[in-house]
Amino acid sequence: RFGFDSSAHDPAWLPDGSGLIFAAIRGQMVGVFRRRFDGGPKADSIFVGGQQISAHTVTPDGRTAVAASLERGQFDLVSVSLDGGGRLDTLAGSSYAEDFPALSPDGRWLAYVSEESGRNEVYVRSFPGFGAKIQVSQDGGSEPVWARSGRELFYKSGGLQEAGLV
């Protein structure tokens, strides 16, 4: 048993497999926590703030998580420094909701979901410098996940699993 409390959700692996990051509620605050498999019984607090936040993916060097943060009534993509400094930087903060970030295994591409077309669709952009976005899904999409090779991106569409080459 890893020892999550009942409020923990949205776990993501650390790139070296040494543990997980996850979101959890502490008092009235929601935060991002890290728990290593060889660590003690408590999770490290990475970021705790007033907004709902959920880190979904970590850069290959293990220094930064990409999260969805609920602010102004919608989700935006933010980076969270894993050094424990409590710093958030906005990556995608448009008038549309952006959610479900997923970094490619080499850390060069960020897939995410945006509602800018009027429904949830999966997009890909270069990372960390946000270049032009490429719409990957064609008829709605959510929850992208990269193949280990980094050459395929899987996502949910209409309740079924879809795959597309990038």
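Values reported hereafter were calculated over all heavy atoms of this structure, with side chains retained and with hydrogens, waters and symmetry mates removed. In this text, all values refer to a predicted model and were calculated from it rather than measured experimentally.
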I'd like to know if [Y] and [X] are part of one continuous hydrophobic network [Ile/Leu/Val/Met/Phe/Trp/Tyr, side-chain heavy atoms within less than 4.5 Å].
X	Y	result
Y112	L70	no
W109	Y155	yes
I25	I21	yes
L110	F100	no
L82	F127	no

Donor-acceptor pair, [X] side chain versus [Y] backbone, under 3.5 Å?
X	Y	result
S157	G140	yes
Q135	S137	yes
S126	G131	yes

*For R119, does the CZ atom sit with more than 12 other heavy atoms under 6.0 Å from it, leaving out its own atoms?*
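Yes, because the 6.0 Å sphere around CZ of R119 holds more than 12 heavy atoms from other groups.
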Quick check on Y96: does its OH atom have over 12 non-hydrogen neighbours (other residues, nucleotides or ligands) under 6.0 Å away?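 No.
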Practice problem: Side-chain contact test, heavy atoms from C-beta onward, threshold under 4.5 Å: evaluate it for H56 versus D99 and give yes or no. | Solution: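 Heavy-atom side-chain distance check passes, below 4.5 Å.
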Quiz item: Is there a side-chain contact between E143 and V113, using heavy atoms and a 4.5 Å cut-off?
Solution: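 Of all side-chain heavy-atom pairs linking V113 with E143, none is under 4.5 Å.
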Give the minimum heavy-atom separation between [X] and [Y], together with the two atoms involved.
X	Y	result
A67	A55	CB-CA, 3.6 Å
P144	A102	O-CB, 3.4 Å
A111	W146	CB-NE1, 3.8 Å
G150	P105	CA-CD, 3.7 Å
K133	E116	CE-OE2, 2.9 Å
A23	S54	CB-CA, 4.1 Å

Using the side chain to side chain contact (heavy atoms under 4.5 Å, CB included) definition, which of the options V66, D89, I53 pairs with V78?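 For V78, the side chain to side chain contact (heavy atoms under 4.5 Å, CB included) test succeeds with only one of V66, D89, I53, which is I53.
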Within this structure, what is the [atom1]-[atom2] distance for the pair [X] and [Y], rounded to the nearest 0.5 Å?
X	Y	atom1	atom2	result
T57	L103	OG1	CG	4.0 Å
E98	Y123	CD	OH	10.0 Å
D16	D61	CG	CG	11.0 Å
I134	L153	CD1	CG	11.0 Å
S18	R36	OG	CZ	4.5 Å

Residues in side chain to side chain contact (heavy atoms under 4.5 Å, CB included) with V48, at least two apart?
->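 Testing V48 for side chain to side chain contact (heavy atoms under 4.5 Å, CB included), a comparison that skips the adjacent residues, returns M29, F33, S45.
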Under the side chain to side chain contact (heavy atoms under 4.5 Å, CB included) rule, what do N120 and E115 come out as? Steps first, then yes or no, please. CA-CA 4 Å; N120 284 343; E115 64 174 13; 3.7 Å; yes
